[in-house]
Amino acid sequence: MTDTPDSFFQQIYALVRSVPAGKVTTYGAIANALHTKDARRIGHALHANPDSDLTPCHRVVFSDGRLAPGYAFGGPKEQLRKLELEGVVFLTDTQVDLSKSLYTFPAL
DNA sequence: CAAGTGACAATAA
DNA sequence: TTTATTGCCACTT
């Protein structure tokens, strides 16, 4: 089962879980918090995310506040609904208002 | 083992 | 301002 203790992924999950409801974070923010230059890793990590309930990947968006253009877990609509339900403000169907709902990590 | 692909971001034109 | 290209590094085949 190749249960590899990828601490990197765990850190990402921890950070995503640390994001309060009604707010969203960007891949760059997480990457920065982990002192890495590669934001793609975050995406891969979230894709490998076993529990969307444990790790609200829907709270993670692009640096522009945009969602994945169709690569989301169950479609951007599902993500939009969840985020909107949590109180996140949306500019368009696939873009969030980072000016109001962007969350940054404290120890950054 | 090597090459290709990829839930991104930053910079250049 | 928007679009295109490059860079980074892991995961997949």
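The shown structure was predicted, so the numbers you read here are calculated from the model rather than taken from an experiment. Order of the sequence lines sets the chain letters (A, B, ...), proteins ahead of strands, with each chain counted from 1.
- When distances are taken from the side chain of Lys37(A) to each of dC8(C), dA9(B), dA7(B), the shortest belongs to dC8(C).
- Between Asp38(A) and Thr26(A), the residue anchored nearer the 5' end of DNA chain B, judged by the nucleotide with its closest heavy atom, is Asp38(A).
- At distances below 3.5 Å, not a single donor-acceptor pair connects side-chain atoms of Asp6(A) with backbone N or O atoms of Phe8(A).
- Atom CD1 of Ile42(A) is separated from atom P of dA9(B) by 10 Å (rounded to the nearest Å).
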**Request:** Under the side-chain contact (heavy atoms from CB on, under 4.5 Å) rule, what do Thr25(A) and Thr104(A) come out as? Steps first, then yes or no, please.
**Result:** CA-CA 7 Å; Thr25(A) 187; Thr104(A) 40; over 6 Å; no

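- In this structure, CG of Asp6(A) is placed 6 Å from P of dC11(C), rounded to the nearest angstrom.
- The backbone N or O of Thr55(A) lies less than 3.5 Å from a partner atom in the side chain of Asn49(A), making a donor-acceptor pair.
- Rounded to a whole Å, the NE2 atom of His47(A) is 7 Å from the P atom of dA7(B).
- Straight-line distance from the CG atom of Asp64(A) to the C1' atom of dT3(C): 13 Å, rounded to whole Å.
- Comparing dC11(C), dC8(C), dA7(B) by their nearest atom to the side chain of His44(A) picks out dC11(C).
- The nearest whole Å value for the distance from the CG atom in Leu67(A) to the P atom in dA9(B) is 12 Å.
- If you take CZ of Arg66(A) and C1' of dT2(C), they are 11 Å apart, rounded to a whole angstrom.
- In the set dC8(C), dA9(B), dA7(B), dA9(B) carries the atom at the smallest distance from any side-chain atom of Ser63(A).
- In terms of heavy atoms, Val24(A) sits closest to Val61(A) at CG2-CG2, 4.2 Å.
- Distance CG (Asn32(A)) to C1' (dA10(B)): 13 Å, rounded to an integer number of Å.
- For Arg40(A), taking side-chain heavy atoms from C-beta onward, the closest of the listed nucleotides dA9(B), dA7(B), dC8(C) is dC8(C).
- Seen from the ring of Tyr27(A), Arg40(A) does not count as a face-on cation partner, given the 6.0 Å and 45° thresholds.
- Tyr27(A) comes within 4.0 angstrom of a nucleotide base, judged by non-hydrogen atoms across all strands.
- The interatomic distance linking Phe62(A) (CZ) with dA10(B) (C1') rounds to 13 Å, in whole Å.
- Within the nucleic acid shown, Arg41(A) comes within 4.0 Å of sugar-phosphate atoms alone, with no base atom in reach, counting heavy atoms only.
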